[in-house]
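Worksheet for the structure shown next.
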Amino acid sequence: MASDEIWILGATGRSGRAVARRLAEAGMRPVLVGRDAERLTALGTGGRTVVAPTVAAMADEVRRQQPGVVLNTVGPFTATAGIVADAGLPGSHYLDLANDVVSASQLLGRHDAAVAAGRTLVTGAGFGVVATQSVVAMLVRDHATPVRVRVDGVPSVATEEGPIGDALAATLVDGLPAGGLRFTGGRLARDRVGGDRRSLTLPDGTTVITASVPLGELVAAWRVSDAPDVVAASSGVPSGIAARAVLPVAGTLLAARPLRDLVRRRVARASMPARPRPREHSYAHAEVEWADGTRREGWLRMGDASDFTTAVAVEVTLRLLRGEAPPGAYTPAEAFGPELAVAAGGEFLLD
């Protein structure tokens, strides 16, 4: 077992490239895994490469070589997270960048298997899950269980020209058939995508509109707070009158898997123009309420949300390699505490 190796699956993608370069700057030589040998070599991070044409082939290589840490950046995570994480047990720690309810729940459901293997599985190593869950964790620390929690993600991202990619396309498309989700009475319940619309004034004085969306931070906020009622929202959700009318219809149509797969592939291939980030800072916001009416509010402020995701992934990878997390399946803040967000470049603003 090559217990000191870090493998990056999908190393030529946007996230994979960014993490590989940051790890190289930290003196590491990650093993780059992907489909195209020439593109892998062109990254120039100094480590060896593993060419695998499919996710199944990548999983086979993980199973055979059992690296120390496997970072999975290949979407859709609903199709890749389980097969790769299972392939790594009992020899490999695992993390991914998933940000959807289904794949996060499936990975967290492997807790007992990870404990038995003595390895750690981490899901949601990115902006949405880490930033929002960390704020909730800080607000509820040393307090009784709250009755209500709302989290809002407000990313500000500079985009580079190129295709959207499979992972982001899956996050955008795959959650629509299930409709909106929230926790009510401690259980997941159906909701309307784009509901719970709110005008949110940011710490810099500007205002954004956020609306509910079934992303991984919903599960993360519920787990860290144990609140019976939880809503997760984002500024990236279309929330106008037209969007609120169209989103339920789109969800119904995309319930047919062949159509959903077709739309996801087309979205993945769609090109994004290069644009600067719209605001200087990205923010994660949380509001917590207790049974006696007490409310607390807090923020995490950071720069570009994509840069924060890269920093989180690098930090979690290195901590897993050093054996700093207990065996089991966790979100990053559960495994390493909310202070992980500060190590990745965030700053808490708490009431």
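Hydrogens, waters and symmetry mates are skipped; everything else that's a heavy atom, side chains included, is used. Index from 1, following the sequence.
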Hey, mind stepping through Thr12 and Asp36 against side chain to side chain donor-acceptor pair (under 3.5 Å) and telling me if it holds?
CA-CA 8 Å; Thr12 60; Asp36 189 317; over 6 Å; no
Stepwise, does the side-chain contact (heavy atoms from CB on, under 4.5 Å) test hold for Val31 with Ile6?
CA-CA 6 Å; Val31 175; Ile6 298 169; over 6 Å; no
Checking Thr80 against Asn72: is there a side-chain donor and acceptor pair closer than 3.5 Å?
yes
Is there a side-chain contact between Val70 and Leu9 (heavy atoms, below 4.5 Å)?
yes
Going from CG on Asp60 to CZ on Arg64, what distance comes out if it is rounded to the nearest 0.5 angstrom?
9.5 Å
Would you say that Arg14 contacts Thr73 through its side chain, given a criterion of any heavy-atom pair below 4.5 Å between the two side chains?
no
Out of Asp229, Leu188, Val231, Val149, which residue meets the side-chain contact (heavy atoms from CB on, under 4.5 Å) rule with Phe183?
Leu188
Distance-only, no hydrogens or angles: does the Ser92 side chain make a donor-acceptor pair with backbone N or O of Pro67 under 3.5 Å?
yes
Short question: side chain of His93, backbone of Thr120 - any donor-acceptor pair under 3.5 Å?
yes
Working to the nearest 0.5 Å, report the span between CG of Asp307 and CZ of Arg22.
7.5 Å
I need the Arg197 CZ to Leu200 CG distance, nearest 0.5 Å.
12.5 Å
Applying side-chain contact (heavy atoms from CB on, under 4.5 Å) between Trp7 and each of Leu32, Val33, Val69, Leu71, report the one that passes.
Val33
If only atom types and distance count, is the side chain of Trp290 paired as donor or acceptor with the main-chain N or O of Ala144 below 3.5 Å?
yes
Using a 3.5 Å distance criterion without hydrogens, assess whether the side chain of Glu315 forms a donor-acceptor pair with backbone atoms of Val312.
no
Donor-acceptor under 3.5 Å (Glu324 side chain, Arg319 main chain):
no
Smallest separation among heavy atoms of Ala220 and Thr331, with atom names
CB-CG2, 4.4 Å
Criterion salt bridge (Lys or Arg N to Asp or Glu O under 4.0 Å) on Asp86 and Arg63, from CA distance to verdict
CA-CA 8 Å; Asp86 291 345; Arg63 185 178 294 106; over 6 Å; no
Check whether any side-chain N or O of Gln66 sits under 3.5 Å from a backbone N or O of Val62 as a donor-acceptor pair, and report yes or no.
yes
Assigning hydrophobic clusters by single linkage (Ile, Leu, Val, Met, Phe, Trp, Tyr; side-chain heavy-atom cutoff under 4.5 Å), is Val102 placed with Val213?
no
Member of Leu215, Thr123, Thr309 meeting the side-chain contact (heavy atoms from CB on, under 4.5 Å) criterion with Asn99:
Leu215
With a 4.0 Å cut-off, would you call Glu5 and Arg29 a salt bridge?
no
Nearest atoms (heavy-atom pairs only) where Leu40 meets Ala11
CD2-CB, 4.0 Å
If Ile, Leu, Val, Met, Phe, Trp and Tyr residues are connected whenever their side-chain heavy atoms lie under 4.5 Å apart, and connections chain through other members, are Ile83 and Val74 in the same group?
yes
Does the side-chain contact (heavy atoms from CB on, under 4.5 Å) test come out yes or no for Val140 and Val136, once each step is laid out?
CA-CA 6 Å; Val140 302; Val136 176; 4.2 Å; yes
Determine the minimum heavy-atom distance between Pro155 and Phe127, stating which atoms define it.
CB-CE2, 3.7 Å
For the student: nearest non-hydrogen atoms of Pro332 and Ala125, plus distance
CG-CA, 3.7 Å
Linking I/L/V/M/F/W/Y whenever any side-chain heavy atoms sit under 4.5 Å apart, do Leu107 and Val129 land together?
no
Leu23 side, atom CG; Thr317 side, atom OG1 - distance, nearest 0.5 Å
6.0 Å
Taking Arg296 first and then Glu287, would you say they form a salt bridge - that is, a charged N and a carboxylate O separated by under 4.0 Å?
no
Side chains of Leu181 and Val101, heavy atoms from C-beta outward: is any pair under 4.5 Å?
yes
Do Leu318 and Arg322 have side-chain heavy atoms sitting under 4.5 Å apart?
yes
Residues, nucleotides or ligands: over 12 heavy atoms within 6.0 Å of Arg187 CZ:
no
Residue pair Arg301, Glu347: steps toward the salt bridge (Lys or Arg N to Asp or Glu O under 4.0 Å) verdict
CA-CA 5 Å; Arg301 178 172 60 195; Glu347 177 189 3; 2.8 Å; yes
Arg190 vs Thr184, side chain to side chain donor-acceptor pair (under 3.5 Å): CA-CA, chis, key distance, verdict:
CA-CA 9 Å; Arg190 290 292 185 93; Thr184 301; over 6 Å; no
How many angstroms lie between CG in Leu108 and OH in Tyr330, if you round to the nearest 0.5 Å?
10.5 Å
Under 4.5 Å between side-chain heavy atoms, counting indirect links through other Ile/Leu/Val/Met/Phe/Trp/Tyr residues: same cluster for Val219 and Leu97 or not?
yes
Should the pair Glu25-Arg21 be classified as a salt bridge under the 4.0 Å nitrogen-to-oxygen rule?
no
Within-4.5 Å side-chain heavy-atom neighbours: Arg295 and Val288:
no
Kindly indicate whether the side chain of Leu43, heavy atoms from C-beta on, has any atom under 4.5 Å from the side chain of Arg17.
yes
Sub-4.5 Å side-chain heavy-atom contact between Arg119 and Pro327
no
Asp112 vs Arg110, salt bridge (Lys or Arg N to Asp or Glu O under 4.0 Å): CA-CA, chis, key distance, verdict:
CA-CA 6 Å; Asp112 291 344; Arg110 287 169 162 78; over 6 Å; no
Point-to-point distance, once rounded to the nearest 0.5 Å, from OG of Ser212 to CG of Asp152
10.0 Å
Determine yes or no for a side-chain-to-main-chain donor-acceptor pair under 3.5 angstrom, with Ser156 supplying the side chain and Ser282 the backbone.
no
Would you call Phe348 and Val342 a side-chain contact if the rule is heavy atoms closer than 4.5 Å?
yes
When you measure from the side chain of His285 to the backbone N and O of Trp299, does any donor-acceptor pair fall under 3.5 Å?
no
So, does His143 use its side chain to make a donor-acceptor pair with the main chain of Arg141 at under 3.5 Å?
yes
So, Asp100 and Ser103: side-chain donor and acceptor under 3.5 Å apart, yes or no?
yes
Considering all heavy atoms of both residues, which atom of Leu139 and which atom of Gly298 are nearest to each other, and what is their separation?
CD1-N, 3.7 Å
Met28 and Leu321: side-chain contact (heavy atoms from CB on, under 4.5 Å), yes or no, with the steps?
CA-CA 11 Å; Met28 309 302 294; Leu321 191 66; 3.6 Å; yes
Ser235 to Val154 - nearest heavy-atom pair and separation:
OG-CA, 3.5 Å
Look only at the side chain of Arg277 and the backbone of Val157, and say whether a donor-acceptor pair between them is shorter than 3.5 Å.
no
What's the verdict on salt bridge (Lys or Arg N to Asp or Glu O under 4.0 Å) for Arg182 and Asp196, showing C-alpha distance, side-chain angles and the deciding distance?
CA-CA 10 Å; Arg182 64 187 297 152; Asp196 293 289; 3.0 Å; yes
same_hphob_cluster(Val316, Val314) at 4.5 Å side-chain heavy-atom cutoff
yes
